[in-house]
Amino acid sequence: MLHQFGGLHKLWDTPFYSGEPLLNFELIERAVEYAKKLFGEDMSFAITTNATLVNDKIAEYFAKNNFNIIISLDGPQEMHDANRLMVNGTGSFEKTVMGAKKLFEAFHKEGKSSKIGFNMVVSGPGYLEQYTKIQEFIEKSEWIPKDVMILTATVDHGPSESDYFLPQGKEDRWFMEEFYEPLMKWEEVYKSNPDNTEKTLFTDGYMDKGMMIIHKRLLTETPIQQYGMNGCCVPGQRRIYVTTKGEFLHCEKVGNIPCLGNVNEGFDKEKIKKLYVEDFIEEAKEYCKECWAVNLCTLCYVNCYDANGLHLSYRHNSCRNERKYLEDNLRRYHALMEANPSELEQYNEMEIH
């Protein structure tokens with residue numbers, strides 16, 4: 001099916017996800033060979049891995065076959081080993097670091113070190129202390145490139161029911177006053193120390209993304225009369241997640257929701273139109289029309305559906321978090337505009353991905 005519609009894209013990228021994709025490296029090799037046969041040598045690939053099974057052969061294979069690598073490494077050993085254990089109960093930190101070093105070495109030989117990054121998950125409590133430990137760990141680890149990409153997240157416990165609060169209403173304002181975003185707070189506190197002002201921080205990518213949303217926002221002289229579907233993708237247009245059952249989902253983040261189709265029958269266009277366009281618009285507009293952040297919103301289909309269809313009561317907490325995130329970035333952006341507007345010029349050439 002992808003081969004049939006391949007003319008819509010210049011390049012195809014195939015990522016591998018699972019509990020740990022390297023448990024079946026032979027399958028990855030066969031999939032890469034098959035994809036290249038269909039789409040040619042310009043095909044690119046990606047994998048998220050804990051790197052514990054990476055050896056010299058695997059590292060060299062990834063480097064030579066145009067892989068982008070995300071390594072799950074949660075900072076220094078005591079933090080990483082608190083949650084990422086081997087089957088025998090021992091921590092995986094040493095094996096992960098050993099595998100990561102092999103990957104960096106192999107990619108460096110190919111001139112591709114920038115294709116490797118980290119995903120660091122912090123479980124809390126004590127976020128500020130843990131973020132400082134991550135920063136110090138990165139600074140002291142000479143094997144980690146200074147320009148490495150780092151993604152950070154807190155533990156995702158999945159969707160949950162939440163009440164709707166009118167934006168700017170009493171309950172919403174109370175929530176905003178009590179809301180705590182640890183990553184932004186950490187950067188603010190950390191940079192308040194003059195010794196840290198000029199440092200490269202592991203949070204820089206996250207902070208730049210928020211500032212980019214504000215910098216690239218739509219500006220008009222009169223109020224906008226229409227708004228889009230927030231950050232929702234066109235289902236199946238840019239990304240398809242194929243489950244082990246052969247079903248198509250929007251991406252790896254949406255969870256157990258109605259599929260877009262399957263490998264045998266292709267896309268179910270009527271189902272997509274009904275579930276992910278018409279139903280979504282009909283219900284979401286009742287909430288989005290009241291929201292000041294609607295034209296800045298990046299929320300997508302994640303936490304909007306359950307296995308049976310639309311379930312927007314899963315989304316209300318995400319909406320509040322998004323408004324707080326945007327409000328904080330608006331504040332940061334305009335404070336910088338007043339204090340040092342030339343610093344905003346760096347965002348002219350950046351792109352949001």
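Excluded from the calculations below are hydrogen atoms, water molecules and symmetry mates; all remaining heavy atoms, backbone and side chain alike, are included. These numbers were taken from a predicted model, which means no experiment stands behind them.
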Checklist entry - Are any non-hydrogen side-chain atoms of Val242 and Val263 less than 4.5 angstrom apart? => result yes
Checklist entry - Stepwise, does the salt bridge (Lys or Arg N to Asp or Glu O under 4.0 Å) test hold for Asp328 with Lys324? => result CA-CA 6 Å; Asp328 287 344; Lys324 181 59 177 174; 3.4 Å; yes
Checklist entry - Looking at CG of Asn295 and CG of Leu326, how far apart are the two atoms once the value is rounded to the nearest 0.5 Å? => result 11.0 Å
Checklist entry - Hey, is the main chain of Ile214 close enough, under 3.5 Å, to the side chain of Arg217 for a donor-acceptor pair? => result yes
Checklist outcome for this item: Heavy-atom closest pair (Asn308 atom, Pro258 atom, distance to 0.1 Å) is C-CG, 4.1 Å
Checklist entry - Can you name the residues that form a salt bridge (charged side-chain N to carboxylate O under 4.0 Å, His left out) with Asp56, not counting sequence neighbours? => result Lys102
Checklist entry - What pairs with Lys64 under side-chain contact (heavy atoms from CB on, under 4.5 Å), at least two apart in sequence or on another chain? => result Glu60, Glu110
Checklist entry - Got a sec: does the CD of Glu161 have more than 12 other heavy atoms crowding it under 6.0 Å? => result yes
Checklist entry - Are a donor atom and an acceptor atom from the side chains of Glu343 and Asn340 found within less than 3.5 Å of each other? => result yes
Item to check | Ring geometry between Phe248 and Phe267 (parallel below 30°, tilted from 30 to 60°, perpendicular above 60°) | outcome: tilted
Next on the checklist: Under a 3.5 Å distance rule, please check whether Gln225 uses its side chain to pair with a backbone N or O of Pro223 as donor and acceptor.
Outcome noted: yes
Checklist entry - Taking all atoms of both residues into account, what is the closest heavy-atom pair of Pro235 and Tyr276, and its distance? => result CG-CB, 4.1 Å
Item to check | Heavy atoms of other groups near Tyr34 OH, more than 12 under 6.0 Å | outcome: no
Checklist entry - Are Lys57 and Phe25 close enough, and set up right, to give a side chain to side chain contact (heavy atoms under 4.5 Å, CB included), and what steps lead you there? => result CA-CA 11 Å; Lys57 173 189 172 184; Phe25 179 64; 4.3 Å; yes
Item to check | Centroid-centroid under 6.0 Å between Phe165 and Phe175 rings | outcome: no
Item to check | Separation of Asn193 CG from Thr197 OG1 (nearest 0.5 Å) | outcome: 7.0 Å
Next on the checklist: Has Gln130 got a side-chain atom pairing as donor or acceptor with Val122's backbone, closer than 3.5 angstrom?
Outcome noted: no
Next on the checklist: Please determine whether a side-chain nitrogen of the Lys or Arg among Lys285 and Glu282 lies less than 4.0 Å from a carboxylate oxygen of the Asp or Glu.
Outcome noted: yes
Next on the checklist: Cys251 vs Val254, test: side chain to side chain contact (heavy atoms under 4.5 Å, CB included). Steps then yes/no.
Outcome noted: CA-CA 6 Å; Cys251 69; Val254 293; 4.0 Å; yes
Item to check | Path from Phe280 to Val302 over hydrophobic side-chain contacts below 4.5 Å | outcome: yes
Checklist entry - So Ile138 and Phe118, side chain to side chain contact (heavy atoms under 4.5 Å, CB included) or not? Walk me through it. => result CA-CA 11 Å; Ile138 295 169; Phe118 292 109; over 6 Å; no
Item to check | N/O donor-acceptor pair under 3.5 Å between Glu322 side chain and Thr298 backbone | outcome: yes
Next on the checklist: Run the side-chain hydrogen bond (donor to acceptor under 3.5 Å, both in side chains) test on Thr132 and Trp186 for me, step by step, so that the C-alpha distance in whole Å, both residues' side-chain angles and the decisive distance to 0.1 Å come before the verdict.
Outcome noted: CA-CA 8 Å; Thr132 298; Trp186 175 81; 2.8 Å; yes
Checklist outcome for this item: OG1 (Thr152) and OH (Tyr127) are apart, to the nearest 0.5 Å, by 11.5 Å
Next on the checklist: Do the side chains of Lys185 and Glu181 get close enough for a salt bridge, i.e. N-O under 4.0 angstrom?
Outcome noted: no
Checklist entry - If you measure only the distance, is there a donor-acceptor pair under 3.5 Å linking the side chains of Asn303 and His311? => result no
Item to check | Lys/Arg N to Asp/Glu carboxylate O, Glu33 vs Lys37, below 4.0 Å | outcome: no
Checklist outcome for this item: The ring pair (Phe, Tyr, Trp, His ring centres under 6.0 Å) partners of His334 (sequence neighbours excluded) come to none
Next on the checklist: How about CE on Met98, more than 12 heavy atoms from neighbouring residues, nucleotides or ligands closer than 6.0 Å, or not?
Outcome noted: no
Checklist entry - Residues two or more places apart in sequence or in another chain: which of them pass side-chain contact (heavy atoms from CB on, under 4.5 Å) with Thr52? => result Asn50, Met86, Ser92, Lys95, Thr96
Checklist entry - So, Lys112 side chain and Ala63 main chain: donor-acceptor pair closer than 3.5 Å or not? => result yes
Checklist entry - Short question: side chain of Arg315, backbone of Cys304 - any donor-acceptor pair under 3.5 Å? => result no
Checklist entry - Is Lys191 salt-bridged to Glu198, going by a charged N under 4.0 Å from an acidic O? => result no
Next on the checklist: Run Lys115 and Asn66 through side-chain hydrogen bond (donor to acceptor under 3.5 Å, both in side chains) and show every step you take.
Outcome noted: CA-CA 9 Å; Lys115 286 182 169 285; Asn66 202 24; 3.2 Å; yes
Checklist entry - Does Lys273 NZ have over 12 foreign heavy atoms under 6.0 Å away? => result no
Checklist entry - Parallel, tilted or perpendicular for Trp143 and Phe137, by the 30°/60° rule? => result perpendicular
Item to check | Chi angles and distances behind the side chain to side chain contact (heavy atoms under 4.5 Å, CB included) call for Ile69, Thr49 | outcome: CA-CA 8 Å; Ile69 313 286; Thr49 175; 4.1 Å; yes
Checklist outcome for this item: One should read off an interatomic distance between Arg320 CZ and Asp163 CG, to the nearest 0.5 angstrom, of 7.0 Å
Checklist entry - Is the ring centre of Tyr131 less than 6.0 Å from the ring centre of Tyr190? => result no
Checklist entry - Would you call Glu286-Lys289 a salt bridge at under 4.0 Å N-O? => result yes
Item to check | Asn83: partners by side-chain contact (heavy atoms from CB on, under 4.5 Å), with sequence neighbours left out | outcome: Ser123
Item to check | Under 3.5 Å: donor-acceptor pair, side chain of Lys133, backbone of Glu78 | outcome: no
Checklist entry - Would you find a donor on one side and an acceptor on the other, under 3.5 Å apart, between the side chain of Tyr17 and the backbone of Thr48? => result no
Checklist entry - Do Arg30 and Asn24 meet the criterion of a side-chain donor-acceptor pair at a distance under 3.5 Å? => result no
Item to check | Qualifying side chain to side chain donor-acceptor pair (under 3.5 Å) pairs with a residue from residues 241-255, counting only residues at least two apart or across chains | outcome: Arg239-Glu252
Checklist entry - Under 3.5 Å, is there a donor-acceptor pair between the side chain of Ser313 and the main chain of Ser162? => result no
Checklist entry - Does Phe62 have its ring centroid less than 6.0 Å away from the ring centroid of Phe107? => result no
Next on the checklist: Is the distance from the ring center of Tyr305 to that of Tyr314 below 6.0 Å?
Outcome noted: no
Checklist entry - More than 12 non-hydrogen atoms from neighbouring residues, nucleotides or ligands closer than 6.0 Å to NZ on Lys274, yes or no? => result no
Item to check | Check: Cys232 main-chain N/O paired with Asn230 side-chain donor or acceptor under 3.5 Å | outcome: no
Checklist entry - Crowded around Trp174 CH2? As in, over 12 foreign heavy atoms under 6.0 Å? => result no
Next on the checklist: Return the CE to CG distance between Met120 and Leu73, rounded to the nearest 0.5 Å.
Outcome noted: 5.0 Å
Item to check | Atom pair CG/CD1 of Asp204 and Ile150 - distance to nearest 0.5 Å | outcome: 9.5 Å
